[in-house]
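Hydrogens, waters and symmetry mates play no part in the numbers below; they use all other heavy atoms, side chains included. One-based numbering along the sequence shown. Whatever order the structure lists them in is the order used to number ligands and atoms, beginning at 1. All values reported here derive from a predicted model rather than from experimental measurement.
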Amino acid sequence: MKIAVYGANGYTGRLVVAELSRRGIGTVLVGRGLARLREAAAEAAAAEAETRVAGVDDTAALAGAFRGCDAVINCAGPFVASGEAVVRAAIRAGCHYVDIAGEQLYLKRIHDTFAAEAANAGVTVVPGVNDDGLPSDLIAHLAARRVAPVTELVIALDLTRGGAAPSRGTLRSALANLGTLTGGGLTFRDGDWLPDVPVRRTSVVFPCGPEPVPAARFPLPGVVTVPRHVPARYVEGVVGADLVAAFSAVTPELVDGLPDGPSEDARLGGRWTVVAEATGRDGRSARGVVSAPDTYGSTAVIAVESARRLVVDGAEPGVPAPAQAYDPTGFLDFLTGHGATWTLEVEPAGRDEAGAVPGGTGPPGTARVRSC
Ligand SMILES: NC(=O)c1ccc[n+]([C@@H]2O[C@H](COP(=O)([O-])OP(=O)(O)OC[C@H]3O[C@@H](n4cnc5c(N)ncnc54)[C@H](OP(=O)(O)O)[C@@H]3O)[C@@H](O)[C@H]2O)c1
């Protein structure tokens, strides 16, 4: 098996190359600077790996760089700027494709525009396989199945970074999507994705969190992917309001002054948690939680395993959501071997009209995520 990594010399690209090397998977580092690619290969214990240079402005050259590979893992963000070109080149080269984008509007665009092209080429394109997009889609699928038919699904994300800043690439992508991040992005309601829908969940209790924290609507990937396999009338994404405030304060000057990314110690000290809470028409609710240390390391593990499964197990050609491309339980169980935990609980009906649950953890409107 041979997998190409585009943007291989970036902060996360290097972790992806190291993970491929650790797993003994043939790797081709692709990007726009040969010296940077060679340096990245050496740093990731993959000094013997092939390097190929191609930019995003020449589809034929980029497809040529991917030719002979079974899959492409795209780590070059901001994806709103360059992602489509890489998808197009991967399809043209006959490669399966995954990327680590967290940019909601980009993800929607790939799902909306490339399905037929990918299907015709017999390849599978799964954008958004990172520590947020893939686990939230899988756990939402499992939670929804337990209480189907579902009327409402809320996805929540919590990131603790142990005091470390996110990578410079993360913040560059945040800047490229700032209006969407601060405006809250899309909500799925009655069959369509809409901006500016007032948030329903106004506070959230995360596992290990002592109190309900104020929640804000946030452009999470799951809002775009989950309605493709869960027939819910309403899907929204929320985070703690402080995360939105932090993104709002990002400026180009701040980003330029940052290092590539957190040190290894700081990276390992962080934690990501995704929560999916599905409410069934009968009033029952199911709550799934997936959590693990190390945002960027988890993203590398998830991206490599996602690409590997497309090559080895196959999936329907086209642009499926993660839960359509992979067995949700099997993939989440795989992640437990990499420090993740996942749980799924079902509660009987019992909300009052305001949405509160007797004995619940927060006021009406609180996403009912129990402490750990
Ligand atoms: N949960 C999540 O949502 C999540 C988790 C992890 C990562 N991510 C995303 O992954 C992306 C990468 O993050 P990072 O920290 O690894 O960033 P980074 O260190 O800045 O690396 C970006 C890489 O992309 C390449 N690149 C950027 N723009 C390009 C363009 N127009 N054409 C060709 N190559 C281009 C860069 O190449 P040069 O060196 O040639 O500039 C570099 O190799 C970001 O979008 C980040 O948000 C998301």
Side-chain angles (χ1 to χ4, degrees), residues 5-19 29-41 43-44 51-59 61-62 65 72-86 89 98-107 127-137 157-159 161 164-178 180-181 185 218-222 224-225 237 239 243 247 250 255-256 258-262 267 270-274 290 292 294-303 306 322:
V5 183
Y6 194 66
N9 61 286
Y11 180 78
T12 319
R14 277 175 273 157
L15 295 173
V16 168
V17 173
E19 175 65 7
L29 290 84
V30 189
R32 54 186 176 180
L34 184 60
R36 293 196 294 281
L37 291 172
R38 290 219 171 113
E39 192 190 313
E43 190 190 301
T51 48
R52 299 179 188 169
V53 175
V56 293
D57 45 358
D58 183 344
T59 307
L62 193 52
V72 172
I73 301 176
N74 184 10
C75 300
F79 289 84
V80 283
S82 62
E84 272 185 66
V86 187
V98 301
D99 68 41
I100 60 169
E103 299 161 42
Q104 194 190 60
L105 296 187
Y106 161 78
L107 296 171
V129 293
N130 51 42
D131 59 299
D132 164 18
L134 178 130
S136 64
D137 189 76
L157 168 70
D158 184 43
L159 297 172
R161 298 194 190 271
S167 76
R168 194 167 53 207
T170 295
L171 293 184
R172 279 204 179 118
S173 294
L175 276 178
N177 292 270
L178 207 52
T180 313
L181 287 180
F218 197 71
L220 295 179
V224 162
T225 58
V239 295
L243 188 63
F247 276 120
V250 175
V255 174
D256 288 344
L258 286 174
D260 284 0
R267 183 165 65 70
R271 173 164 281 277
W272 57 269
T273 302
V274 294
V290 192
D294 187 1
T295 290
Y296 295 99
S298 296
T299 292
V301 165
I302 287 169
S306 297

Could a heavy atom of Asp260 be found less than 4.0 Å from some atom of ligand 1?
no
Would you check the N or O atoms of Thr299, main chain and side chain alike, for any that come under 3.5 Å of an N or O of ligand 1?
no
Which heavy atom in Leu34 sits nearest to a heavy atom in Thr51, and how many Å separate them?
CD1-OG1, 3.5 Å
Which protein non-hydrogen atom lies closest to atom 25 (C) of ligand 1, naming both residue and atom, and how far is it?
Ala76 CB, 3.7 Å
Around atom 27 (C) of ligand 1, find the nearest protein heavy atom and jot down its residue, atom name and distance.
Gly77 O, 3.2 Å
Among Asp99, Thr180, Asn177, whose side-chain hydrogen bond (donor to acceptor under 3.5 Å, both in side chains) with Tyr106 holds?
Asp99
Give a yes or no on whether atom 36 (C) of ligand 1 lies under 4.0 Å from any heavy atom of the protein.
no
Give a yes or no on whether the backbone of Gly7 and the side-chain of Asn74 come within a donor-acceptor separation of less than 3.5 Å.
no
Less than 4.0 Å is my threshold; does some heavy atom of Cys75 fall inside it relative to ligand 1?
yes
Can you tell me if Arg14 has a non-hydrogen atom under 4.0 Å from ligand 1?
no
Is the closest side-chain heavy-atom distance between Pro127 and Phe79 below 4.5 Å?
no
Of all the non-hydrogen atoms in the protein, which one sits nearest to atom 21 (O) of ligand 1, and at what distance?
Gly10 CA, 3.2 Å
Could you tell me whether the side chain of Asp137 reaches within less than 4.5 Å of the side chain of Pro221, counting heavy atoms only?
no
Under 4.0 Å, heavy-atom basis, I'd like to know which part of Phe79 is in contact with ligand 1: side chain, backbone, both or neither.
side chain
Do Leu134 and Ser306 have side chains that approach each other closer than 4.5 Å (heavy atoms only, starting at C-beta)?
yes
Side chain or backbone, does Ser167 bring an N or O within less than 3.5 Å of an N or O on ligand 1?
yes
Is there a side-chain contact between Tyr296 and Pro262, using heavy atoms and a 4.5 Å cut-off?
yes
Residue-level breakdown please: for Ile100 versus ligand 1, do any non-hydrogen atoms fall below 4.0 Å on the side chain, on the backbone, on both, or on neither?
both
Protein heavy-atom partner closest to atom 19 (O) of ligand 1 - residue, atom, separation in Å:
Tyr11 N, 2.8 Å
Residue and atom name of the nearest protein heavy atom (relative to atom 40 (O) of ligand 1), distance in Å to one decimal:
Arg36 NH2, 2.7 Å
for atom 34 (N) of ligand 1, nearest protein heavy atom and its distance come out as Arg32 NE, 3.7 Å
Is the closest N or O pair between Ser173 and ligand 1 shorter than 3.5 Å?
yes
Mind running side-chain contact (heavy atoms from CB on, under 4.5 Å) on Thr225 and Leu107 for me, showing each step along the way?
CA-CA 8 Å; Thr225 58; Leu107 296 171; 5.7 Å; no
Which bit of Thr12 is near ligand 1, meaning a heavy atom under 4.0 Å away: side chain, backbone, both or neither?
both
Does the residue Arg168 have a heavy-atom contact with ligand 1, meaning some pair of atoms that are separated by less than 4.0 Å?
no
Please check if the side chain of Glu19 supplies one atom and the backbone of Ala300 the other of a donor-acceptor pair under 3.5 Å.
no
Protein contact to atom 17 (O) of ligand 1 [nearest heavy atom, distance to 0.1 Å]
Gly169 CA, 3.2 Å
Regarding Tyr11 and Thr170, do their side chains bring together a donor and an acceptor under 3.5 Å, going by distance alone?
no
Is the closest heavy-atom distance from Tyr6 to ligand 1 below 4.0 Å?
yes
Tell me if the CZ atom of Arg168 is crowded by more than 12 foreign heavy atoms within 6.0 Å.
yes
To the nearest 0.1 Å, how far is atom 2 (C) of ligand 1 from its closest protein heavy atom, and which atom is that?
Asn130 ND2, 3.3 Å
With heavy-atom distances below 4.0 Å as the criterion, list the atoms of ligand 1 near Gly102.
3 (O)
